[in-house]
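What follows is one structure encoded as structure tokens, with my remarks underneath.
Below, chains carry the letters A, B, ... as their sequence lines are ordered, and counting in each starts from 1. Predicted model only: the values in this text are computed from it and were never measured.
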Amino acid sequence: MKNLESLVKVENLKAYYFSNVYGNERTIKAVDDVSFEIFNNEILGIAGESGCGKTTLLKVLLGITKSPLSIVGGNVIYKLDQEEKNILSFSNGELRNIRWKVVSYIPQGSMNVLNPIRKIKDTFKDFMETHRPDISKDDFDTLIKDYLRSLGLPLEVLNSYPHQLSGGMRQRVTIALSTLCRPKIILADEPTTALDVVVQRGVLQLLKKIQKEEENTLVVVSHDMGIHAHISDRVAIMYAGKIIEIGPKKEIFTNPLHPYTKYLISSLPKLGDKSFKSSIPGSPPPLSNPPKGCRFHERCPESTPMCEKEEPSLVDMGEGHKIACFFVPKGGKV
Amino acid sequence: MNNTNKLISVRNLTKIFSRGSILFKTYILAVNNVSFEIEMEKPEIFTLAGESGSGKSTLARMLLGLVEPTYGTILYKGKDIVQITNTKNWMWFTKEVQPIFQNPFETFSPLNRVEDYLYDTARNYKMIPKNTDKNSFLKEYLNIFGLSYDEIKGKYPHEFSGGQLQRLSIARALITNPSLLIADEPVSMIDASLRMSVVNLFKELKNRFKVSVIYITHDLATAYYISDKIAIMLRGNIVELGPVEKVLDDPLHPYTKLLKQSIPEPTIETQWDEEIKLSTVEEKEFSLSGCKFAGRCPYVMEICKTQEPEEISVDGRNIKCHLYKKS
């Protein structure tokens, strides 16, 4: 059993997008009243469909709150050097100090972030000069080479331009780049979406290896439940801007409690199984105008009149398995 | 050979792309010597699976008549589609074979109403008389697919979810009464909770309307769920072809084995253990003279590096691998 020491606490976070086009005001409640904790030395998976607020949540965790995104309420508290700090009140300078060193980010489609007209070697050097001015330039080379070797990447990539590498290799170079400063927490947004299955497996292996060796924290956002089944320790399920279920991976996959999670897991096709699978009726609600009460009630087979009026909050069912649903009785076993 | 009872029969299809000037020309073998066929009487869902760069989309474009093959023939209902030159026959061919694309939001123009697409397709292919009432035609037509016209009336593409729009684009493709649909990654852009509604529609088409589907995907789980036959492609070659249960339950080719093991299955019972080897530079694999998998294959032999494996028939499937060659 891992020691569950809290690293990041998210409390009642509300992050909305405000847009005003020719007098048409619109508010998109991308993250609405979300609370959860991220522990030290774990892999947390965040799953959900497109447009459920996963990427926005990750951006806020990183402290990127540029207009049109604004924080309406709540805190994101990092535990840095035994001190609790609210990252949302940081200045730009303070944020720059923690980025890459404490919290690192692997963006969506990150295989396209490398500068196409510079060799990988130069990109690494630029990065070191900016973020590790304390290391002398002569040491760069050995440090970068040692790091790549420890990750099992061939050193020939350093002398290549990005277009000469395959997508999977570029992705792994980006991962190497974003973990070079040995951050405490790595936020990965759909790290393998554009990759083929075999390459995806290689990239996930690398991420897991880094986490295991550094004993840091990895947050993986992905719509693919299969990825979570393979690398996450805990999984959070998001639906329409809210976390509706969070818990240990084993609980989520073998004993899902929220009707949405149940549907999601049972609708996934598997090899060797030709039985009929149906998809969830209806479609996810727009975040600009989510339904009242439980956001899933329009598609939920267990919906009661109460679900239409009141919003369920996350309730602990034991062993850290929390769900937001009225239907599941206390104690959790259905 | 008798090709009249085949819906589509592909023989030794090859496509070579070249690039560079005359002096420094390099060639890429995008599709290499591919052969398969679909019976006319027995509609089936035929999956082409493979990673990106395996040539599956180039193959699809050749089947649609959009790219001219370098060698080989494609016979559709006994007619060579490369030889079609006049408008009348081309009209017949496009009526018979319809495409479905990956991103439904790109299939439809954002400035046009979706209903107009459906109606215009019917008009352009002269499937309905000139003075047909739009409302009653669409109401009746969409009813067949369990879609209601009232939900669609007057709406633009952005007002639909991906799954709904993809089902509409399949409904549009079926207006011309085709016998074959070519669907290039039709569900990869659609959310997990809605994906099965599209996949199930393909199954229904086969059973109810006797439409065959060539389903191009990298997702082996949905392929297993809907298809009858599967062809695994690697760098332009079909390395294993056979009934889906045989190929995926008990893969023979080392590449199919690797592919199967690498699917992140949504269960916690199967977990990856050993580490895998990845190719560094994709182009190197294309230029290998022997088997394209030789650089990564755990069972590689000397012969694999120099000699291209021939297609052989093993246990009810066709396979290209030296391991199974009868000595």
Chain B contact via [X] - which portion, at a heavy-atom distance below 4.5 Å:
X      : answer
A:P281 : neither
A:F253 : side chain
A:D273 : backbone

Top of A:S267, A:G48, A:P286 for chain B proximity - count of heavy-atom pairs under 4.5 angstrom:
A:S267
Name the option with the most non-hydrogen atom pairs under 4.5 Å to chain B; the candidates are A:L268, A:I265, A:L153, A:T254.
A:L268
Within 45° cone and under 6.0 Å: B:K203 NZ/CZ vs B:Y225 ring:
yes
Does any N or O in the side chain of A:S232 come within less than 3.5 Å of the main-chain N or O of A:I43, such that one atom is a donor and the other an acceptor?
no
Does any backbone or side-chain atom of B:V244 lie under 4.5 Å from a heavy atom of chain A? Answer side chain, backbone, both or neither.
side chain
Can you list every pair that meets salt bridge (Lys or Arg N to Asp or Glu O under 4.0 Å) and has a residue in residues 148-166 of chain B, with sequence neighbours left out?
none
On a heavy-atom basis, which atom in B:G55 and which in B:V31 lie closest, and how many Å separate them?
O-CG2, 3.6 Å
Can you name the closest pair of heavy atoms from B:F105 and B:H158 and give their distance?
CE2-CA, 4.5 Å
Short N-O contact, B:D228 and B:K206, less than 4.0 angstrom:
yes
In terms of heavy-atom pairs under 4.5 Å with chain A, which of B:N200, B:I263, B:D219, B:V199 leads?
B:N200
